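Since the model is a prediction, treat every value here as computed from it, not as a measurement. A note on names: the letters A, B, ... follow the listed sequences, proteins ahead of strands, and every chain is numbered from 1.
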Amino acid sequence: MKPNNPKRDDTNSKKTRDSANPTPPPPPQDFIRQIVEADVMAGKHGGKVITRFPPEPNGFLHIGHAKAITIDYGIAEQHGGTYHLRFDDTNPTKEETRYSEAIQADIRWLGYDWGDKLFHASDYFDQLCEYAVRLIHNGKAYVCDLNGEEMREYRGTLTEPGRPSPYRDRTVEENLDLFERMKNGEFEDGSHTLRAKIDMASGNLNMRDPVIYRIMHATHHRTGDKWCIYPMYDFTHCLSDSIEGITHSFCDLDFEDHRPLYDWFLDQLEVHHPQQIEFARLNLSYTVMSKRKLAELIDGNLVTGWDDPRMPTLSGLRRRGFTPEAIRKFCETIGVAKRASVVDIALLEHILREDLNRTSPRVMAVLKPLKVVIDNYPEDQVEEMEAINNPEDESAGTRSVPFSRELYVERDDFMEEPVKKFYRLSPGREVRLRYAYFIKCESIVKDERTGEVIELHCTYDPASRGGNSPDGRKVKATLHWVSATHAIDAEVRLFDNLFTKENPLDVEDSKHFTDYINPDSLTTLTGCKLEPSLKDAKPGERYQFERLGYFCIDSKDSQTEAPVVNRTVTLRDTWARIQKAQTNQNKQKKQKNRSN
RNA sequence: UGGGGGAUCGUCCAAUGGCAGGACAUGCGGCUCUGGACCGUAGUAUCGGGGUUCGAAUCCCUGUCCCCCAGCCA
């Protein structure tokens, strides 16, 4: 028999595997993927999947949008379909080109490419206007002269039906004429609206003759002054989906109430009818996730902008040092469902660390320097120590780090009177300097006035070069360090949760969510010491500072001669946990003593 | 009797009438030149009540609780 070609071979072996395992477990599927899968199997829309992500260019994208994007785009990708980016730009007073540009940059950064499928609702203004005229022709829309306040009165309440507008029964001719004049700019803002004629008694407020066009004499960032009437979301969105041939239109739960209206417009106009499916938006603990609230933080100068590294915006997370891979993995991990939920930010951090651990080169940096003098080390000697760049990735190789008589170690790595379980440096104790030598603390120097420890005098064991003693002597701790004369000075910014409350929106009466801003969400450290290999570090580059965490060179404020580094996330810190447990125990003891 | 939606470990998501499972978090242990990573291990959940069924998180009845909606915002 002729040998099979490799391709054939592959297929066969796969078949063999499959028959050995006749019922492979189906991949985990959320309820939306199940619906889409069923539609594709049934040949609905010719088996095609076309989705869209429809942001309004009135702010920056946040990680909640990332969830939506991974659903919209991920599902299309999964079925070999296409995905669109469509700006829902129907409100010129709120939208700006700079937001549109930032949104596109963020989506690209996340790793999605919409190709030539970039659209704007404003591309459809002419078509939308024709649709509106058609509704008028069919007696399904009318021009209303009620002002805002009156309209609210006529709308009724949640429990009481509304009343028909006195203008509801205008003739088609009159409506056509009035709408034309609205379009021509004959009326003032707010004086007239075009409304759908549906049902003023509906339990669903959205169906009580919703406005579909309003008059706004405003310059649109794309269409300029061409229009003085602009279509409303409900009218625009479903028809834009329809025009683009969208098959499945995913949105958040807030729009469940709008689905009947989405369907109504499409049914009335007898056009292509995508299916709207709603899912729960992402909430993350210790932060807020709405553009309005994020904008409020910016306007109140509580953060420095949309890209403040404390913000849950994609630009903020990027600046902070998050990777797009981690964000996508996170979105995948949290799943898709319909119940309102708050995801623990610890999960995001875990997934981030997982990615960063694999990919980040290690370096040594001292954040709170404490001078160490190795008394028995030759004055002018400098040795190059070989250090591993990434123990998780052998191909990352090694680098050399200069060692000399005067060093900096972390202030937190020394305790004059060590507490239980602290096994770092203290008087008389020996530890290892990573990749270098064992050193022993012989004496300490204190500031005469404050009593603060300002310098350590140590001796080193020349035989322990590289980090191991030939006599097999063990030390309990390994410390990171930086040679004093070779160190690069840097500013380091430490970030913590933006809010002190798990759900900042769960506010007490008389409180505002901004009252729960974490005063320690940003700590700026200056005079930090970086190892010299960081000399050429570029903005946006990520590193692990050994034993401290993952850091990213700030892309806005960092300069070659004055580096600024952001802490992305700490390493998992067992010692910090022990300390916390100890202080908690002490507190409990104190309380017990007090009550006794 | 406004309308719409939802209740599963502490958290998020599975189980689609057949042993309630995974991840995070937490505890304990191992390993370690990062108190990192890694490995092992433990505990914790079907909103309440009734019913159908050999069998219910899942189906039925009933109650309770939670979320969203009264922009000429999206």
Side-chain angles (χ1 to χ4, degrees), chain A residues 28-31 34 54-56 58 88-91 93-95 144 146-148 151-153 155-162 189-195 201-208 210-216 229-230 232-234 236-237 251-260 278 280 282 285 291-292 333-351 353-354 357-358 362 364 387-388 391-392 421-424 432-436 438 466-468 475-480 502 544-549 570-578:
Chain A
Q29 285 218 318
D30 55 72
F31 77 100
Q34 286 175 23
E56 184 189 13
N58 69 340
D88 230 327
D89 53 350
T90 58
N91 187 349
T93 61
K94 294 190 174 171
E95 297 149 6
C144 181
L146 255 27
N147 65 34
M151 201 178 291
R152 200 178 323 123
E153 279 168 27
R155 186 159 36 229
T157 69
L158 290 176
T159 51
E160 296 157 23
D189 287 7
S191 61
H192 301 265
T193 55
L194 182 70
R195 301 176 68 180
S202 172
N204 181 346
L205 267 48
N206 295 304
M207 301 300 270
R208 317 239 263 231
V211 171
I212 61 185
Y213 263 97
R214 77 285 217 190
I215 301 171
M216 290 178 112
I229 57 170
Y230 290 93
M232 298 289 289
Y233 164 83
D234 285 300
T236 309
H237 196 81
C251 61
D252 80 67
L253 254 28
D254 288 3
F255 293 94
E256 280 182 313
D257 285 353
H258 294 247
R259 183 163 14 100
E278 311 84 11
L282 168 67
S285 57
K291 273 196 274 191
R292 219 206 84 234
T333 306
I334 56 174
V336 183
K338 293 193 77 160
R339 73 183 89 111
S341 62
V342 180
V343 177
D344 191 343
I345 197 155
L347 177 60
L348 212 210
E349 293 179 347
H350 171 261
I351 289 168
R353 287 190 187 105
E354 214 168 40
N357 175 50
R358 262 199 335 269
R362 272 62 168 171
M364 291 195 284
I388 294 165
E392 307 292 323
K421 287 190 179 169
F422 179 88
Y423 45 82
R424 276 109 98 142
R432 169 169 39 234
L433 293 181
R434 179 138 232 231
Y435 301 123
F438 284 9
N468 284 301
V475 289
K476 291 197 80 174
T478 301
L479 270 42
H480 60 277
E502 200 167 318
Q544 184 195 104
F545 288 1
E546 293 218 26
R547 304 211 303 131
L548 296 174
T570 62
L571 249 24
R572 191 162 156 273
D573 191 345
T574 307
W575 168 236
R577 216 169 301 172
I578 293 168

- prompt: Which letters describe nucleotides 4-10 of chain B, given B = protein heavy atom under 4.0 Å from base, S = only from sugar-phosphate, - = neither?
  reply: SSSSB--
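- A/E278 and A/R259 are joined by a salt bridge, as a carboxylate oxygen and a charged side-chain nitrogen come within less than 4.0 angstrom of each other.
- Between the side chain of A/N147 and the backbone N or O of A/G190, no donor-acceptor pair lies under 3.5 Å.
- A/R208 places a side-chain N or O within donor-acceptor distance of the main-chain N or O of A/R155, the cut-off being under 3.5 Å.
- Annotation: the span from A/T157 atom OG1 to A/L205 atom CG amounts to 8.0 Å, rounded to 0.5 Å.
- Remark: the backbone N or O of A/T478 is paired with a side-chain donor or acceptor of A/R547 at under 3.5 angstrom.
- When the C1' atom is used for both B/G51 and B/A14, the distance is 27 Å, rounded to whole Å.
- If you check every strand for non-hydrogen atoms under 4.0 Å, A/H480 touches nothing.
- Salt bridge A/E56/A/K291: absent, no basic N to carboxylate O contact under 4.0 Å.
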- prompt: According to the Watson-Crick and G-U wobble definition with distances under 3.5 Å, which dot-bracket string, read 5' to 3', encodes RNA chain B, using [ ] for crossing pairs and | for pairs with another strand?
  reply: .((((((..((((....[..)))).(((((.......)))))....(((((..]....))))))))))).....
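- Side chain of A/N58 to backbone of A/K94: no donor-acceptor contact under 3.5 angstrom is found.
- Across all strands shown, A/Y423 has heavy atoms under 4.0 Å from base atoms, whether or not it also approaches the sugar-phosphate.
- Only the P atoms considered, B/C38 is 33 Å distant from B/C47, to the nearest whole Å.
- Ring geometry for A/Y233 versus A/F255: interplanar angle of 30 to 60°, hence tilted.
- For B/A74, the base is not stacked against the aromatic ring of A/Y233, per a cut-off of 5.5 Å between centres and 30° between planes.
- When heavy atoms are screened at a 4.0 angstrom cut-off, A/I351 is found touching no nucleic acid atom at all.
- B/G40 and B/A23 have their P atoms separated by 10 Å, given to the nearest Å.
- Of the P atoms belonging to B/C60 and B/G17, the separation is 12 Å, rounded to the nearest Å.
- The distance between atom CG of A/L282 and atom C1' of B/C12, rounded to the nearest whole Å, is 10 Å.
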